There are 4 protein chains.
Amino acid sequence: MALVRDSAHSENFGSKRRQILDAAYIVFSRKGFHRTTIDEIIAIADTGKGTVYNYFVNKEQLFYTLTQEISQPFEADLERAVTADTEPLDKLRRLVTLILSFYTKHGDLWRVLMHEMRGFGNDGYSHISAEMRDKYHSFFKRTIGSIEQVLTEGIATGVIRPCDTVVTAHGMFSVIAMMAFQKYVGEDAEAAAERVTETFFYGIVNK
Amino acid sequence: MALVRDSAHSENFGSKRRQILDAAYIVFSRKGFHRTTIDEIIAIADTGKGTVYNYFVNKEQLFYTLTQEISQPFEADLERAVTADTEPLDKLRRLVTLILSFYTKHGDLWRVLMHEMRGFGNDGYSHISAEMRDKYHSFFKRTIGSIEQVLTEGIATGVIRPCDTVVTAHGMFSVIAMMAFQKYVGEDAEAAAERVTETFFYGIVNK
Amino acid sequence: MALVRDSAHSENFGSKRRQILDAAYIVFSRKGFHRTTIDEIIAIADTGKGTVYNYFVNKEQLFYTLTQEISQPFEADLERAVTADTEPLDKLRRLVTLILSFYTKHGDLWRVLMHEMRGFGNDGYSHISAEMRDKYHSFFKRTIGSIEQVLTEGIATGVIRPCDTVVTAHGMFSVIAMMAFQKYVGEDAEAAAERVTETFFYGIVNK
Amino acid sequence: MALVRDSAHSENFGSKRRQILDAAYIVFSRKGFHRTTIDEIIAIADTGKGTVYNYFVNKEQLFYTLTQEISQPFEADLERAVTADTEPLDKLRRLVTLILSFYTKHGDLWRVLMHEMRGFGNDGYSHISAEMRDKYHSFFKRTIGSIEQVLTEGIATGVIRPCDTVVTAHGMFSVIAMMAFQKYVGEDAEAAAERVTETFFYGIVNK
DNA sequence: TATGAATGAGAGTTCATTCAT
DNA sequence: CATGAATGAACTCTCATTCAT
């Protein structure tokens, strides 16, 4: 269960680090940040306690690294979708599919992330935490921002009715996230995405 | 700061209990379940630590009681709205306003609730926790169910286009919750509710 | 083994705190700061681990409190000796006796203090440590300063031969400390003090 | 920075060992025994962690080896001074100069040694530690013993007033150590030594 | 020989919970 | 009822030491 990619180098390069990240993914997803213990992670990762601290400075940074690693390819995909040479409505469909797939796959972990985000760096915490929180914030801003951008583009070309793009983007995002969290999305993410976009595009009222 | 209603009994009856609940509301909302300490609650409540355990069996049950107390009048309101003798679309508007107001007021606490819900009673936890989790689940089910019910009613009377009511109800709920969480709702909840319903009713695509 | 004074209030007032301080005195004296564990302290103090942290914010501050408690009456004694209305040479004898008694009684702990002093607050440590270190430094400065002051006084009145009072005071202090550390001082501190002063007097007194 | 002497063998023989000892000297002097980590030593020594354990069985023995290596030439010097064919008072001057120079140069490390000495082999520690502690004790005994021996010799030849040679030797030693620790000794160790001896001589020399 | 990834015993600290007053 | 001193299970993190390469 290498979440991002298998190391192409040697068979064992970074193997322990990989095992720890994979185990952390499982436990954080299942239990949330606070209920997760290092002991449980190492039991699954089959490593010693100290090994965790060879690779990550602390539990928070392990969590942070994990989410960074997962989000990076996703953000690249988003970027590509937004700058693609296609119709705004098609871009929107593509974005929704991407986001829906991402949150369907990593919903449990991301739910935790979205919750803990608020806690990090709030009090007299280390500044590393404050940094993390900022990075997390900008992650969500970028995701929603990409929707917003395409909405704006659609309004400019006239295919989308003028509206508050900020609020609408947030609305679309929240519906997508909800669908993923509620496990409404089965095998076919594309079909589910279609339902979301249809609802938003055309509304629910009979005309 | 009695959140729900003042005890109708005597001036002092349950006063300590009230103080604890009010303090718990503040701290849980601000810090989440795990970061909240009993010490912080009693500091604000101006009570002793033992007093908390006179009224509540443990931290979880204090949290549970708090959320129950807040949700009950809200659920009564929902019930009344659904069974009212009005048009489905008006009912829907009324529901959206109610839910939006509720989450605007208690969003911080409810965000915590929605997160911790998943943790309660997951492992070898006490069965009291499992009970709580079930009650929490049914709370959300009832809220969303009320939307669903009105959608079904609207489809039956023909004012709403046939759709998957379960998914659509969840969608509407998630948009409402998002707007509240994101603090997009200012003074005028009614106006904000209007925007949500408009979007859902008529979609975003220019026709 | 209440080191400073028994609480005059109630039989049990501060009893646990007292037990912890007494136990800490024993273990710190025997093992030094780092080799001392909280577990060992509570085993002797017959308390729970958490109790220690009810009274002291951490191990360092426990150590600090302990040394403060012990040094305060001593410093008061020094002050009284310096400002007494007696001959400089008698003052010096009195000072030497006081210091010798103190270091004979608390030599093991003070040896630890003198060593750890250098470590506290050196790196990225909490500022509480830096504060402590400063207090510790000033403690030694005051002790040696009191000797210095009397030397200066003696030089002014002509009974002591002009000399570098700073160095001489340090010298006297170190000999006293050494005698105490080496357990050369038996029952009769006064007699031992006499030996120290005699040696120094015949070197520094005008003839 | 070969502290004692360069290996006379080949350019590279023991080079790693040398680097480790030199680095250990720096860190132990600065931080004391417990606060020193192997990681910090190897960072300065530019070696791997395992290499340390190729040359030294553990941290304690590394410390021990370091101090042994430094003390040996010093002890040889002392021996030579004591058995030299000179006047007792000149011998004493020579001894004081030697000791003062040594503690001025290696004061920081020796301060650590003098502190940790008591901790080694106290409890259920390995017998290697107990051995070390004994060797450390005998080191100080030899240093002070050399002073004592010359004092006795001086008393026999009548140039020194009869006194408790054990206590006096300790006294002289402690003043010397103090001067070094307090960094009172500048460039000219000889001059500083003179001050010490003068003070003592005028107290202990027959007139 | 040199290395450094892996390890786990052990330490300090937190905090929900209990119970005697 | 109200209290808060006492408690210890649980948790994060450190670091000396090992050992396969």
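In the text below, chain A, chain B and the rest are named by the order of the sequence lines, each starting its count at 1. Bear in mind that the values here come from a model prediction, so they are computed numbers and not experimental data.
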Handout entry: Stepwise salt bridge (Lys or Arg N to Asp or Glu O under 4.0 Å) check, Arg111(C) with Glu116(C)
Key = CA-CA 9 Å; Arg111(C) 195 202 294 266; Glu116(C) 296 302 339; over 6 Å; no

Handout entry: Check: Thr36(C) side chain, Val27(C) main-chain N or O, donor-acceptor pair, under 3.5 Å
Key = yes

Problem - Distance test, side-chain N/O of Tyr55(B) to OP1/OP2 of dC1(F), below 4.0 Å - result: no

Fill in the blank from the handout: Rounded to whole Å, the CD-C1' distance (Glu40(A) to dA10(F)) equals 13 Å

Practice task
Take atom CZ of Phe56(C) and atom C1' of dT14(E), then tell me their distance rounded to the nearest Å.
Solution key: 17 Å

Problem - Nucleotide dG12(E), atom C1' - distance to CZ of Arg35(D) in whole Å - result: 14 Å

Practice task
Please test Arg30(B) against Asp108(B) for salt bridge (Lys or Arg N to Asp or Glu O under 4.0 Å), starting from the C-alpha separation and ending with a verdict.
Solution key: CA-CA 7 Å; Arg30(B) 192 183 297 154; Asp108(B) 285 331; over 6 Å; no

Exercise for the section: Using atom CG of Leu62(D) as one end and atom C1' of dT17(F) as the other, report the distance to the nearest whole Å. Expected result: 13 Å

Problem - dA16(E) phosphate, OP1 or OP2, under 4.0 Å from Lys59(B) side-chain N/O - result: yes

Exercise for the section: Using atom CD of Glu60(D) as one end and atom C1' of dT17(F) as the other, report the distance to the nearest whole Å. Expected result: 13 Å

Problem - Ile20(D) CD1 - dA2(E) C1' separation (whole Å) - result: 10 Å

Handout entry: Cationic N near anionic O, under 4.0 Å, Glu40(C) to Arg35(C)
Key = no

Problem - Salt-bridge present (Arg18(B), Glu69(B); N to O < 4.0 Å) - result: yes

Problem - Side-chain donor/acceptor contact of Asn54(D) with base of dA2(E) under 3.5 Å - result: yes

Practice task
Please confirm whether Lys59(B) makes a cation-pi placement over Phe33(B), using NZ or CZ under 6.0 Å from the six-membered ring centre and within 45° of the ring normal.
Solution key: yes

Exercise for the section: Compare every heavy atom of Ile41(C) with every heavy atom of Ala23(C), then report the nearest pair and how far apart it is. Expected result: CB-O, 3.4 Å

Handout entry: Under the 3.5 Å Watson-Crick or G-U criterion, the dot-bracket string of DNA chain F, with | for inter-strand pairs
Key = .||||||||||||||||||||

Exercise for the section: Please check if the side chain of Thr47(C) supplies one atom and the backbone of Lys16(C) the other of a donor-acceptor pair under 3.5 Å. Expected result: no

Problem - Derivation and outcome, ring-ring contact (aromatic ring centres under 6.0 Å, His included), residues Tyr64(D) and Phe56(D) - result: CA-CA 10 Å; Tyr64(D) 175 69; Phe56(D) 310 97; over 10 Å; no

Practice task
For DNA chain F, find the residues of residues 44-53 of chain B with a heavy-atom distance under 4.0 Å and give them by number; none if there aren't any.
Solution key: Thr47(B), Gly48(B), Lys49(B), Gly50(B), Thr51(B)

Problem - Ile42(D) CD1 - dT3(E) P separation (whole Å) - result: 9 Å

Problem - Distance, rounded to the nearest Å, where Asp39(A) contributes CG and dT7(E) contributes P - result: 14 Å

